[in-house]
Peer 1: 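Below are the structure tokens for one structure; questions will follow.
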Amino acid sequence: MKAMLLHKARPIEEHPLRLEDVALPDPADEQVRVRVSVCGLCRTDLHTVEGDLALPKLPVVPGHQVVGVVDAVGKRVRTHKEGDRIGVPWLYWTCGECTFCRSGRENLCERAKFTGLHANGGYADALVVDERFAFRLPDAFTDENVAPLLCAGVIGYRSYKLSGISSGGRLGLFGFGASAHIVLQLARFHKCEVHVFTRTESHRKLARELGAAWVGGADESSSAELDSAIVFAPAGKVVPEALRHVRKGGTVALAGIAMTEIPPMAYSLLYYEKVLRSAANSTRDDVREFLQLATDIPIRTAVQSFALEDANEALSAMKHSRIEGAGVLRVNR
């Protein structure tokens, strides 16, 4: 089968992913094999490829917003059958035994494995995954449109919950890519007033089209204090700006898996019981809840498609904010 393999982490401009022929994997007893249709692009893929994350496995196939069809099942599989359309998100496996797993926080599992990091992901014709970590997908969405929901949507949903925003509140979104354009729709569904901070004009245009009440740069001041904010931009310098915009007792949630250093800042930015917290990974319940909510709203994803062999160019476009909404790789279409 064809796969985009990473042998050594390097800047995306050096085209570190190579299209190669690799063996088609066979599913273990409790696994299914998924013939990949499309795989969404995520900034975490970029962090993997460029070495911002420790790489436990090399070579590795990135990609964790996987949409495809089951084409083989292990002998003990009961949840899925051949022909089912399923999605495979970031959380690939958890131990089920550690303190975090036993307390409903499997996103913090001590031995967690992640798709496209510890195990080969969706930048390939096929992958295998434990049946418990694969999800039936709503019929309401096409393959391309559902792919960004599996991570950009899910981590956005978890960050949204952790931000503590209430229905009708005022929410700030710092950075406006794949995840933020989904969260804006979620917030509007809950009657929130959304303020978007982004420097890219095409992103500003999309934010306005999706119902943002105010759009500007991170260093600009919107007309009112925010109840909560979510930082999607991987730039630590944005964090003090987000805190500056949030009212007393408000929360700033950090949605990224990696970020540049947060600069020194005055304690006054955090005073008055403001909360600064991160969102780490997601749980299977997050995936189930969000896919149902995305169907009910319904969420509309703006998608730009690329061929599998153009994964380097696609990640470079994402890195430099040249994708409006979310990027998706076409694999078997």
Peer 1: Given side-chain hydrogen bond (donor to acceptor under 3.5 Å, both in side chains), test H15 with N312 step by step and report yes or no.
Peer 2: CA-CA 5 Å; H15 289 68; N312 289 297; 5.1 Å; no
Peer 1: Say whether Y92 and H64, considering side chains only, have a donor N or O and an acceptor N or O under 3.5 Å apart.
Peer 2: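 Checked: Y92/H64 side chains show no N/O donor-acceptor pair below 3.5 Å.
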Peer 1: Whether the T48 and D45 side chains hold a donor-acceptor pair (N or O, under 3.5 Å, no angle test) is what I'd like checked.
Peer 2: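 The answer is no; no qualifying pair exists.
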Peer 1: Side chains of H195 and E193: do they bring a donor and an acceptor to under 3.5 Å?
Peer 2: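 Yes, side-chain donor-acceptor contact under 3.5 Å.
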Peer 1: Going by heavy atoms in the side chains, are F189 and L293 under 4.5 Å from each other?
Peer 2: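 Yes, their side chains come closer than 4.5 Å.
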Peer 1: Among side-chain atoms of H181 and E209, is any donor-acceptor pair under 3.5 angstrom?
Peer 2: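 Absent: no donor and acceptor within the cut-off.
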Peer 1: Any side-chain heavy atom of L53 within less than 4.5 Å of one from T44?
Peer 2: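 Yes, their side chains come closer than 4.5 Å.
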Peer 1: Within a reach of under 6.0 Å around NZ of K237, are more than 12 heavy atoms found that belong to other residues, nucleotides or ligands?
Peer 2: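 12 or below, so no.
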Peer 1: Just verifying a value: how many Å separate L315 CG and M4 CE, rounded to the nearest 0.5 Å?
Peer 2: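 Answer rounded to 0.5 Å: 8.5 Å.
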Peer 1: Below 4.5 Å, heavy atoms only, C-beta onward: do L149 and F290 meet side chain to side chain?
Peer 2: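 A side-chain contact exists here, since the closest heavy-atom pair is under 4.5 Å.
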Peer 1: Does R204 reach the side chain of R208, with side-chain heavy atoms less than 4.5 Å apart?
Peer 2: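 Yes, close enough: below the 4.5 Å cut-off.
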Peer 1: Rounded to the nearest 0.5 Å, how far does CZ of F306 lie from CD of E313?
Peer 2: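 E313 CD to F306 CZ: 9.0 Å, rounded to 0.5 Å.
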Peer 1: Please determine whether a side-chain nitrogen of the Lys or Arg among R33 and D71 lies less than 4.0 Å from a carboxylate oxygen of the Asp or Glu.
Peer 2: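 Judged by the 4.0 Å cut-off on N to carboxylate O distance, R33 and D71 do form a salt bridge.
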Peer 1: Looking at side-chain heavy atoms only, is the closest gap between V331 and S37 below 4.5 Å?
Peer 2: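 Contact flag for V331/S37 side chains = no.
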Peer 1: Quick one: pull up NE2 in H80 and CD in Q31 and give me the separation to the nearest 0.5 Å.
Peer 2: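 Nearest 0.5 Å value for the NE2-CD distance: 12.0 Å.
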Peer 1: Less than 4.5 Å apart, side chain to side chain, heavy atoms only: is that true for H118 and W93?
Peer 2: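 Not in contact.
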Peer 1: Is there a side-chain contact between S228 and L171 in this structure, where contact means two heavy atoms from C-beta onward sitting under 4.5 Å apart?
Peer 2: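 With C-beta onward as the side chain, the pair touches.
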Peer 1: Under 3.5 Å, which donor-acceptor pairs do the side chains of residues 99-107 form with other protein atoms, sequence neighbours left out?
Peer 2:
unit_1 : atom_1 : unit_2 : atom_2 : d
R102   : NE     : E97    : O      : 2.7
S103   : OG     : T99    : O      : 2.8
S103   : OG     : F100   : O      : 3.2
S103   : OG     : R105   : NE     : 3.1
S103   : OG     : R105   : NH2    : 3.3
E106   : OE1    : T94    : OG1    : 3.4
E106   : OE1    : R284   : NE     : 3.3
E106   : OE1    : R284   : NH2    : 2.8
E106   : OE2    : R284   : N      : 2.8
E106   : OE2    : R284   : NE     : 3.1
N107   : ND2    : A280   : O      : 2.9

Peer 1: State whether K319 and E13 are salt-bridged, where the test is any N-O pair (Lys NZ or Arg NE/NH1/NH2 against Asp/Glu carboxylate O) under 4.0 Å.
Peer 2: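 Salt bridge: yes.
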Peer 1: Does any non-hydrogen side-chain atom of N281 lie less than 4.5 Å from one of L91?
Peer 2: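 Side chain of L91 against side chain of N281, heavy atoms only: no contact under 4.5 Å found.
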Peer 1: Taking NZ in K57 as the centre, count heavy atoms belonging to other residues, nucleotides or ligands within less than 6.0 Å. Is the count above 12?
Peer 2: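 Result for NZ/K57: enclosed.
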Peer 1: Between the side chains of H7 and E20, is a donor N or O closer than 3.5 angstrom to an acceptor N or O?
Peer 2: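 Per modelled atom types, H7 and E20 side chains form a pair under 3.5 Å.
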Peer 1: With a sphere of 6.0 Å drawn around CD of E261, does it hold more than 12 non-hydrogen atoms of other residues, nucleotides or ligands?
Peer 2: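 At most 12 heavy atoms, drawn from other residues, nucleotides or ligands, come within 6.0 Å of this atom.
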Peer 1: Donor-acceptor pairs are to be reported for all side-chain atoms of residues 151-159 against protein atoms at under 3.5 Å, with residues two or more places apart or in another chain.
Peer 2:
unit_1 : atom_1 : unit_2 : atom_2 : d
Y157   : OH     : E289   : OE1    : 2.8
R158   : NH1    : D286   : OD2    : 2.7
S159   : OG     : I155   : O      : 2.8

Peer 1: Ignoring hydrogens and angles, tell me if any N or O in the side chain of R10 forms a donor-acceptor pair with the backbone of G51 under 3.5 Å.
Peer 2: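 Pair absent, no side-chain N/O of R10 close to backbone of G51.
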Peer 1: Look at the side chain of E131 and the backbone N and O of R78, then say whether any donor-acceptor pair between them is shorter than 3.5 Å.
Peer 2: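 Confirmed, E131 side chain pairs with R78 backbone.
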Peer 1: Could you tell me the separation between the CG atom of D26 and the CG atom of L24, rounded to the nearest 0.5 Å?
Peer 2: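 Nearest 0.5 Å value for the CG-CG distance: 6.5 Å.
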